[in-house]
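What follows is a set of notes on a single structure, which appears directly below.
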Amino acid sequence: MTAPFLEGKRLYLRGLSLEDAEGAYPEWLNDEDVCRGNGHHLFPYGREQAREFIRGTWNDRSAVTLAMVLREGHRHIGNVALQGIQPIHRTAEFAILLGDRGSWGQGYGREAGLLLCRHGFRALHLHRVGCGTFEDNEGMRGLARALGMKEEGRRRQAVWKDGRYVDVVEFGVLAEEFFEQFGHQGPKE
């Protein structure tokens, strides 16, 4: 198993490994409820697609994609990423997939998000981290706010989802805003 990369109080973040494709991970992308708030669940997803995706993360310098793993039991519960990293503009997009339903509503997304955003601002010297989510994805909208992001705008009827067009709400946080709210070092979240 891959060693921890970023460590929090209840979970740690590590690189994805091929072993993850043998676990529950591929099933998350076939679960309509897990994928309700994102752009996944368009085509059946299998272990080979998961292995291809995982291999692709290993040398991708435009993204930091990590597995969220509970300290207790070392169970992979989701993935979190800074993607579309723009080194000139010093920006990235935050993305998360909390696939393990038993882990929903327990603050793991916030803990992982704070660890990864802090890493992005400190180690990658990002200036801004943003995300977009469907207007009816209350969980992601709440998580964006919990990470210090502010609502910045709306792309009207930007996505076709579940038989209708939905708006995408955009959020973002600047490094100075993040550090003002959470501190430079901060406790292990």
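Reckoned from all heavy atoms, side chains included, excluding hydrogens, waters and symmetry mates.
- A donor-acceptor distance shorter than 3.5 angstrom exists from the side chain of Asp167 to the backbone of Gln157, with no hydrogens or angles considered.
- For Thr65, the side-chain contact (heavy atoms from CB on, under 4.5 Å) criterion is met by Leu16, Phe53, Thr57, Ala63, Ala81, not counting sequence neighbours.
- Without hydrogens or angle criteria, Glu93 side chain to Ile85 main chain gives no donor-acceptor distance under 3.5 Å.
- Counted within 6.0 Å of CZ on Arg164, heavy atoms from surrounding residues, nucleotides or ligands total more than 12; the atom is thus considered enclosed.
- Evaluation of the salt bridge (charged side-chain N to carboxylate O under 4.0 Å, His left out) test over residues 74-90, restricted to residues two or more places apart or in two chains, returns Arg75-Asp100.
- Within the 4.5 Å cutoff, side-chain heavy atoms of Val64 are placed close to those of Leu124.
- Enclosure of atom CD in Glu176 is not indicated, since only 12 or fewer non-hydrogen atoms of other residues, nucleotides or ligands lie within 6.0 angstrom.
- Taking the six-membered ring where tryptophan is involved, the planes of Phe121 and Phe179 are perpendicular, since the angle between them exceeds 60° and thus also 30°.
- Side chain of Trp104 to backbone of Leu98: a donor-acceptor contact under 3.5 angstrom is found.
- You'll find the side chain of Arg55 reaches within 4.5 Å of the side chain of Leu18, heavy atoms only.
- In this structure a side-chain-to-backbone donor-acceptor pair under 3.5 Å is present from Glu177 to Leu174.
- At least one side-chain heavy atom of Glu7 sits under 4.5 Å from a side-chain heavy atom of Arg71.
- Around CD of Glu22, the count of heavy atoms belonging to other residues, nucleotides or ligands within 6.0 Å exceeds 12.
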Checklist entry - Please walk me through it: do Leu70 and Arg10 pass side chain to side chain contact (heavy atoms under 4.5 Å, CB included)? => result CA-CA 6 Å; Leu70 295 180; Arg10 300 178 302 152; 5.6 Å; no

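- For the pairing with Glu135, the salt bridge (charged side-chain N to carboxylate O under 4.0 Å, His left out) check across Lys161, Arg154, Arg141 returns one residue only, Arg154.
- Counting only heavy atoms from C-beta outward, the side chains of Val173 and Lys150 never approach each other to under 4.5 Å.
- No side-chain donor-acceptor contact under 3.5 Å links Arg47 to the backbone of Tyr25.
- Note: Tyr12 and His74 have tilted aromatic rings, judged against thresholds of 30 and 60 degrees for the angle between ring planes.
- Taking the salt bridge (charged side-chain N to carboxylate O under 4.0 Å, His left out) definition, one finds that Arg128 meets it with Glu152, sequence neighbours left out.
- The main-chain N or O of Glu151 is never found under 3.5 Å from a side-chain atom of Glu170 such that the two would form a donor-acceptor pair.
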Next on the checklist: Could you go through Val129 and Leu82, starting from their C-alpha distance and side-chain angles, then the distance that decides it, and tell me whether this counts as side chain to side chain contact (heavy atoms under 4.5 Å, CB included)?
Outcome noted: CA-CA 8 Å; Val129 172; Leu82 290 175; 3.9 Å; yes

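- Checking side-chain atoms of Asp20 against main-chain N and O of Ser17 turns up a donor-acceptor pair under 3.5 Å.
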